[in-house]
Each structure stands twice: as structure tokens, then as C-alpha cells.
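Each chain gets a letter, A, B and so on, in the order the sequences are listed, and its residues count up from 1. Note that the structure is predicted; figures quoted are calculated from it, not measured.
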Amino acid sequence: MKIYNSISRRKEEFIPKEPGKVSLYVCGITAYDYCHIGHARAAVVFDVLVRYLRYAGYQVTFVRNFTDVDDKIINRSREEGIDSQAVAEKYIQAFYEDMDRLNILRPDHEPRATEHILDMQEVIQTLIDKGYAYATPSGDVYFRVRSFPEYGRLSGRNIEELQSGARIEPGQEKEDPLDFALWKKAKPDEPAWASPWGQGRPGWHIECSAMSQRFMDLPLDIHGGGQDLIFPHHENERAQSIAASGHDFVRYWMHNGFVQVKSEKMSKSLGNFVTLRDIYPHFLPEVLRFFLLSHHYRSPLDFSFEGLQEAEKGLKRVYQTKKNLESMTASPAKGKGQNLPADITQEIQEASSQWQNSLEDDLNTAAALGSAFSLVRLANRILEDKQWPKAADAGQAFHNILTTLQNLGQALGLFSQNSSGFLHDLRSFRAARAGVDTSQVEKLIAERQEARKKKDFAQADSIRDHLIQLGVSVQDTPDGPVWDLE
RNA sequence: GGCGGCAUAGCCAAGUGGUAAGGCAGAGGUCUGCAAAACCUCCAUUCUCCGGUUCGAAUCCGGAUGCCGCCUCCA
């Protein structure tokens, strides 16, 4: 497998430290608000990475943290009038609800910062002992950036450039403006822990350094997160971990691109962020997942509801075909000795292996979805033909296509729901979005059936026109009328 | 200002040296009493522009233009 490594700025062959095993650490959320689509993208990208690595036979240890002590959480606790642990707990639970619906697998370990204060203090003490950090008289501890010669390598910056932008805030006792906090002395009414340097709380960067090495041996095979984390968070993590451990920290750095709205970054200050809870009432979570995976993970992704609607149509098509294939394989036709045309069989073969090549190439999920549609098209070509469904090897072809869709879907976390159930849910969502009253539709359809029984086609057609005006189309099938949104 | 990324059909999007995947929309068709749905077929001689390297470039190099990100908390 090839992975784009942020630190070398190119695709590299992925070779884990230990054959067959992968250690993966991804920066999780700071639990102070509901998740937006950007969080969803990061979660989905690394979820697919884990799923695919496991599919490919690796034994993956996946750790993702929760930051549950932080300025933003403290501010939120004042706003909401509850203590900061309660704030964190509330948004961690919300995170689970939102991410479970997106079919995100739970990591193997999900440490919370407050559970590892002692681990952090241990790393900080080591850094002090080795001369990479210092405590100030008032009880802060800072990392001495200039003591770490490689500082800036991950983010492609040099110390002199950074120097020009850095400032010492009033009241800080840094030796150098570049130095960053490992431990912050307690302020009144803030959560605080006892430490060798007095009451205080950890800085943000140290928690990932402490928790990653608590659960996995250094160097980690893969460390992931959003692109904005490269500087300063990952740069600082790297400096801390290498300085403290004496080992390399991470072999492959992976960073996902941003979700944007109208080509601008989604952010609180621009007021253009969209939470998962804004989307879920209108679109099925799997539609969002499909939308996110239809773009390469490193590219910026422009979010729009129009884009979601397109994704919905594509996903519907896959499920529709899957459903048809399932009913076909449930009661297979007897083969009549004749085989499918060789080119069809060959195309199925090709598409069946192609998706894996795509994911092997730096997790190209968009290309993998292309393979899924190739299979869909092939399946439909056979299904719609007069003779082919009866071919001797048709059953085998259907089976191959379904199995591939299943495997590909397993790696992407898609297409795994019951087809009929999905299509039914989808129709309900689309009806709600169009403001269509489902019970009224059912009633009109019943009336129309009544009219048709009486051969009153004029009346039946008039009801159908009415339904069309509501945005509903009716199909008359051998099993009775079936409706859907226009 | 410093560093980095991106520019592919009406829209979305893959493609890192060998002659443009896929999706949506659109057009034709199959099916159908008529419809609808579903399905099939078609749909970029060309990849922002200008140079260069090469037998060959969307892909590599140089330049221009435009958009975006990071440099402060951020997935």
C-alpha cells in the first residue's frame, strides 16, 4: 500500500514497523460542542483506513483520544453553568451518537486526557530532566523549542520565520517566545491537578504525546488528523515525543483535507459550519458518508446540500441494483448451458479487483467507488437482458458481483444495510424533505386502486395527476402500486 | 510578508510519462394501454494560460493568472 506521508511530502510504500501489525493514533475531538462535517470527514477517512488495513490482513491497534480539559471546555462550562467534566461528558456522548450513525467503528482505545494526567506529568518530568523543558517560578512548564534542532521539519517552517510572528503574552515567563506550554498553573475556578510544579493542568499538545506512547510503542506506524493540526499541534507533539523518548515518533503522518463551504473553510468565526445534527433530519447518514468518500481525502471538499442530493442518487442506484441482485440470487434461474459473453465476464473480473488497487494507492476512495458503479452497470446489463439472466454462469456472475460489493462496502463502510430497508428509509427522508404527507399519499393511492378496479381510468388518472403535483409518482407493478418521489 | 496546496466536460470528481474512470444533469432508446420508475446507449480530439524537456505530458520543469489553506484555537 502507498501512503502520502506529510513529513516527506510524497507517497511512500507503507511498511509497518512490525510485519502484519499497524499502530495508529488519530487526534480526536475537544469535547465542547456538537460535531460538524469536518469532524465527520476526519472520522470517516481514518475509519476507512482502519477498515481497509484490517481487510488487507493487518492487525491494527487504533487509538483516538478525547480532549476533556481545555480552555474552550472551561468557557463552555461557564456558559452552561455546569462543571467542565459534565460539559465534556455531554459532548462525548453526542459524538458517539453522531459517529455511530455514520458507521464509524470504535477505536481500540479512547483515552481521555483527564485519565492520563500522571502519564503526562511523567513525560514532562523527563523533558525537564533532559533539559528540553523548564518550570517557571510561578508554576508553568514550557518546552524549550530551540533545544530541539529538528523543530519545524513536519510543518516545513524554520525557527527564524516562526520567531518573527511569536510574542510573549503579558504575565508569561517564557525564555523564548517560541516556547509552548506543557503545564499551565491553575487559575481560580479552573479544574486543576497536583503536580511537582504546583496545582495546574496539562497543555494541549502533551496529552497526545503521553497517551500515544502509553498505549503503543514508539515509533507509531501512522499518526493522523486534520491538516490544520500539522502546526502547531503535531509539530509540538513530535518535538515532545522524540525529545522525551529518544526514539523517532511517527513513521507515516497522514492529514485529511478540509471541508469547505463555497470554497471557504468551515469555521465558527465565519458562521458557516454545518453540524451532523443539522444534516441527519434531512439525509441518511450513509448518504453523508458516501458524499465524503466520493472525494480524495487530501483534497479540500466543498460541502453543499446539492452535493448531498447527488450522492443520495448515486447511493440509491447501488442499493437498487443490490436489491435486484439479491432477489435474483435468492431464486436462481436454471442455467441453460450457454455462457455470458466473454467480455462481460472479463469486465466483472477487472472491476472486482480494481477497487482494492485504488485503496492501495493512498486510500483513493473516489476511484474505488468508480469500481462499485462499474459493477452496478455490469449487473444491470445482465439483469435487463432477455437471455443473459438464464445463462449457465449468470448465477456465478451475480454472486461475484454481490461479493465484491460486499467486500468493497466493508472496507468503505458502505452498502451494508438491508437493501429494502435502506430504500424504504430513503423514500421516507425524501418525502419529509419534499413536505409530502405519507399517509395522504397512501390514501390517494388506495382511492386510485379502487377506481382502477372499477375500470374508472379517468378517475384513476386524475388521482395520479394529483399525486404528481404533490411530487409523487406511482408505478403500477404486478405486485400492486409502488410510489416514490419524483 | 513567509510556507504550502489546488486549477480536468453544464455541475461534482478520479487520473503523477503512453494517448481522458465514475457520478449528477442532458439527449436518444428498451419496457409500458398511456405514464412513471428502472435499465441500456450516447455525451471532453482535450485537461486555466504561455514556454520547455521527451518518440510521447492532464501528468515532469520554468513562468503567468485565479482560488484556497496554514503561520492564533480548530478535523
Side-chain angles (χ1 to χ4, degrees), chain A residues 6 9-11 26-30 32-33 35-46 67 70-72 75 152 155-158 160-162 164-167 169 204 224-233 235 255-260 262-269 273 290-291 294-296 298-302 304 306-318 320-321 323-324 351 354 358 361-362 364-374 376-377 379-386 457 461 464-465 467-468 472-477 481-486:
Chain A
S6 301
R9 285 153 224 279
R10 57 179 178 215
K11 279 188 205 172
V26 176
C27 292
I29 57 158
T30 299
Y32 75 106
D33 207 346
C35 290
H36 59 237
I37 304 167
H39 297 112
R41 186 181 197 190
V44 167
V45 163
F46 292 103
T67 298
D70 168 273
D71 286 333
K72 292 190 290 291
N75 290 339
S155 56
R157 290 154 219 272
N158 68 57
E160 304 317 318
E161 283 163 12
L162 291 168
S164 64
R167 295 265 189 296
E169 299 295 325
W204 176 39
Q227 263 165 7
D228 56 335
L229 258 31
I230 294 175
F231 190 88
H233 186 53
E235 192 71 68
H255 293 98
N256 63 277
F258 272 102
V259 177
Q260 310 178 324
K262 294 192 171 67
S263 296
E264 281 185 320
K265 179 177 170 177
M266 201 186 280
S267 74
K268 300 239 160 170
S269 51
F273 66 98
F290 180 97
F291 172 75
S294 64
H295 302 67
H296 187 90
R298 282 190 285 117
S299 306
L301 185 164
D302 232 44
S304 68
E306 292 73 25
L308 235 34
Q309 279 178 39
E310 277 190 20
E312 185 180 79
K313 287 176 188 166
L315 188 59
K316 182 185 177 192
R317 191 163 158 225
V318 176
Q320 188 72 50
T321 298
K323 185 182 170 190
N324 295 343
Q354 188 52 42
S358 300
D361 184 13
D362 195 29
N364 193 338
T365 55
L369 285 176
S371 300
F373 281 105
S374 299
V376 163
R377 204 184 61 251
N380 287 326
R381 277 177 68 185
I382 300 172
L383 286 167
E384 293 293 318
D385 192 86
K386 290 233 164 54
F457 291 110
D461 286 354
R464 184 169 69 188
D465 288 344
L467 284 163
I468 286 169
V472 171
S473 64
V474 191
Q475 323 164 34
D476 299 316
T477 76
V482 172
W483 67 274
D484 200 356
L485 281 298
E486 291 267 317

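Comparing the same atom, P, in B:U30 and in B:G23 gives a spacing of 22 Å after rounding to whole Å. A distance of about 33 Å separates the P atoms of B:C70 and B:C24, rounded to the whole Å. Distance check on atom C1': B:A21 versus B:G15 gives 8 Å, rounded to whole Å. Distance noted for atom P between B:U45 and B:G10: 10 Å (whole Å). When the C1' atom is used for both B:G1 and B:A58, the distance is 33 Å, rounded to whole Å. Comparing the C1' positions of B:G62 and B:U72 gives a spacing of 36 Å, expressed to the nearest Å. When the C1' atom is compared between B:A20 and B:A44, the two are found 7 Å apart, to the nearest whole Å.
In this structure, A:Q260 reaches the sugar-phosphate backbone alone: every heavy-atom distance under 4.0 Å involves primed, P, OP1 or OP2 atoms, never a base. Residue contacts for A:N380: at a heavy-atom cut-off of 4.0 Å it reaches the sugar-phosphate backbone alone, with no base atom in range. Looking at heavy-atom distances under 4.0 Å, A:G38 makes contact with a base. Within 4.0 Å (heavy atoms only), A:H296 reaches sugar-phosphate atoms of the nucleic acid but no base atom. Backbone-only contact: A:E384 has heavy atoms under 4.0 Å from sugar-phosphate atoms and none from a base. Using a 4.0 Å heavy-atom cutoff across all strands shown, A:D71 reaches no nucleic acid atom at all. Across all strands, A:R157 comes closer than 4.0 Å to base atoms (heavy-atom distances). Using a 4.0 Å heavy-atom distance criterion, A:R298 is classed as making no nucleic acid contact. Across all strands, A:G307 comes closer than 4.0 Å to no nucleic acid atom at all (heavy-atom distances). Across all strands, A:V259 comes closer than 4.0 Å to base atoms (heavy-atom distances). Among the protein residues, A:F258 comes within range of the nucleic acid bases, having at least one heavy atom under 4.0 Å from a base atom.
Taking every side-chain heavy atom of A:E310 into account, B:C24 is the closest of B:C73, B:C24, B:A75. Out of B:C70, B:C73, B:G23, the shortest distance to the side chain of A:F373 is found at B:G23. Listed nucleotides: B:G22, B:A14, B:G33. Nearest to the side chain of A:D461: B:G33.
In a base pair of the Watson-Crick type (N1 to N3 plus N6-O4 or O6-N4) or a G-U wobble (N1-O2 and O6-N3), with each distance short of 3.5 Å, B:A21 is matched with no nucleotide. Taking a pair to require two hydrogen-bonding distances under 3.5 Å in either a Watson-Crick or a G-U wobble arrangement, B:U16 remains unpaired. Figure legend. B:G51 is base-paired to B:C61; pairs are counted as Watson-Crick or G-U wobble with both atom distances under 3.5 Å. Nucleotide B:C67 forms a pair with B:G5, judged by Watson-Crick or G-U wobble geometry with both contacts under 3.5 Å. Pair assignment for B:A27: B:U41, on the basis of Watson-Crick or G-U wobble contacts that are both within less than 3.5 Å. Nucleotide B:G33 is matched to nothing when pairs are restricted to Watson-Crick or G-U wobble geometry with both distances under 3.5 angstrom.
Within the 4.0 Å cut-off from OP1 or OP2 of B:C40, at least one side-chain nitrogen or oxygen of A:R317 is found. Within the structure, a side-chain polar atom (N or O) of A:K265 is placed less than 4.0 Å from OP1 or OP2 of B:C70. Contact annotation: A:N364 reaches the phosphate of B:G15 (side-chain N/O to OP1 or OP2, under 4.0 Å). A close approach under 4.0 Å does occur between a side-chain nitrogen or oxygen of A:S299 and OP1 or OP2 of B:A14. Dashed line: the shortest gap from a side-chain N or O of A:H295 to OP1 or OP2 of B:A13 is under 4.0 Å. In this model, the phosphate group of B:C67 is not approached by any side-chain N or O of A:K262 to a distance below 4.0 Å at OP1 or OP2.
The side-chain hydrogen bond (donor to acceptor under 3.5 Å, both in side chains) with A:N380 is formed by just one residue from the set A:N324, A:D385, A:T321; it is A:T321. The side-chain contact (heavy atoms from CB on, under 4.5 Å) with A:V259 is formed by just one residue from the set A:R41, A:H36, A:K265; it is A:R41.
Judged by distance alone, with hydrogens and angles left aside, A:H255 brings no side-chain donor or acceptor close enough to the base of B:A75 to form a pair under 3.5 Å.
Between A:D33 and A:K72, no side-chain nitrogen of the basic residue sits less than 4.0 Å from a carboxylate oxygen of the acidic one, so the salt-bridge criterion is not met.
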